[in-house]
Amino acid sequence: MKSTEILNSLQVSLTINRLCSQLIENHHDFSESVLIGLQPNGIFLSNRLKNCLENSINNKVLTGSLDITFFRDDFGRKDKPLIPSVTNIDFSIENKKVILIDDVFFTGRTVRSALDAVMTFGRPLSVEFLTLIERRFVQNLPIRADYIGKSIDTIKEEKVTVLWQEEHGKDQILLYSPI
Amino acid sequence: MARRTWERPNIVVFTNLNMKELSISHLLGIKDLTKSDIDVIFKTADSFKEVINRPIKKVPTLRDITIANLFFENSTRTKLSFELAEKRLSADIVNFTAGNSSLKKGETLVDTANNILSMKVDILVMRHPHSGAAKFLAEKTNTVIINAGDGTHEHPTQALLDCYSIKEKLGEVKGKKVVLIGDIKHSRVALSNIFALQKLGAKVMVCGPTTLIPKYIKELGVEVSHDIEKALKWCDVANVLRIQLERQDIQYFPSIREYSQQFQVNKEILQNIKKPITILHPGPINRGVEITSEIADSENSIILNQVENGVAVRMAIIYLLAGSINRS
């Protein structure tokens, strides 16, 4: 299995800073906007963005985590049922601008499930989607990302892995190819 | 359907995508469960407890599953709790009660079940007055069976929600001392609780009149007491059970009044003990018999938490068992 580095530690940091700036352009002081990271891997990114945003705007950014296990469309099609992760949204999303956050945008099925899941907490004013890595040409559903760290062209059989300092000791994004 | 064949790179640990499963395909009794099964059920129940506290308390997970609730015996709490759990998982449900069914016309249990299953039902939740009925049906039919109480044998979902509620209140079950007070002989809740508490590492005592404690119960590794004050001094948690008059073929104690005098959990007796004891009751409560209203409604009572947790725990069990149903 061949691995290629897509982003190194410095590039990950620069990309997150750029995404922060883009978010501030659209959401200003975040008084009407909230970040929601998708469990499990979107949480690292949403926490980084929260820290970066709070340092820049000097305002608290409401951040939650959302598990989409019960909203997936493949229940009963796997060998075993998935054990859910923690959902923690301790604020109202009613009339808020919600930004869903995940590390890799692949088939679009997770985002579809997340849209359903987030609506069980109320009626947001709008929902946007932010991803660190967009894999182009492999989506199964007509869903797009509003904020993209980096777009890469991949085939379905390839695998993108995001390593985080908090869990793996360093920030790095790798592409695994089956050749 | 083709399974994903991609092998994950070795260096990555997907700690949260923790795919586990139960070691069972039916929930017939706690005796068949491992500690790991109970842990998986509790972890999943945590998520469902969060779900049922959302503004929209429903998830679409089981929208292609049909569940039949077969109640051959009266039930309020358990039946409602199962129905709510199923509805909040978006399953289609049908209800069956023995009173107005073809059973009265002479149909056997297996025939009734198979007829219901012919209508493309995936899971049967069954309460039955005969011990072993759930196991019998699991052997004779090709479906998932969840035992909602069989005679004086087991009531596994009640024991799981009791332990879940103890864990929620006290942090953990391991090392806690739990006393079951009352009609141990006729109580399926007692037997399931003994198995569940012991698997989770609690110490168990049973307390009641000699006639209502099974002769060989010590074989299960529980302590026995006939003195409620001693039992309450020993324990951290008291699970007060109802006197099951409907199952008692002979008179086991002189009168309800005498039973209350000897075994009622009340304010006077708890004041003497001078330590907080968490009070559980599986319901229905006979206020003034096995427990007084003051204690049932006190701050150490987690009786209503048990009812709320019942829905979450049952959602977890149905979710985990439904995962094994073959959609093809």
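All values reported here derive from a predicted model rather than from experimental measurement. These numbers come from the heavy atoms of this one structure, side chains and all, not from hydrogens, waters or symmetry mates.
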Are there more than 12 heavy atoms of other residues, nucleotides or ligands under 6.0 Å from atom [atom1] of [X]?
X         : atom1 : answer
Lys140(B) : NZ    : no
Glu299(B) : CD    : no
Asn53(B)  : CG    : yes
Lys135(B) : NZ    : no

I'd like to check [X] versus [Y] (side-chain heavy atoms, cut-off strictly below 4.5 Å). Are they in contact?
X        : Y         : answer
Ile83(A) : Val40(B)  : yes
Thr69(A) : Thr61(B)  : no
Leu82(A) : Tyr319(B) : yes

Write down the atom of [X], the atom of [Y], and the distance for their closest heavy-atom approach.
X         : Y        : value
Phe121(A) : Glu50(B) : CZ-OE2, 3.4 Å
Asp64(B)  : Arg77(A) : OD2-NH2, 4.2 Å
Gly122(A) : Pro55(B) : N-CG, 4.5 Å

- Is a donor on one side and an acceptor on the other found under 3.5 Å between the side chain of Lys43(B) and the backbone of Pro84(A)?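 Checked: pair present.
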query = If you round to the nearest 0.5 Å, how far is CZ of Phe75(A) from CZ of Arg63(B)?
reply =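 The CZ atom of Phe75(A) is 11.5 Å from CZ of Arg63(B), to the nearest 0.5 Å.
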Just verifying a value: how many Å separate Thr87(A) OG1 and Arg54(B) CZ, rounded to the nearest 0.5 Å?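 If we round to the nearest 0.5 Å, Thr87(A):OG1 and Arg54(B):CZ are 5.0 Å apart.
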| task | Against chain A, label Lys58(B) side chain, backbone, both or neither, depending on which of its atoms sit under 4.5 Å from a heavy atom there. | result |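 Backbone of Lys58(B) only, per the 4.5 Å heavy-atom cut-off to chain A.
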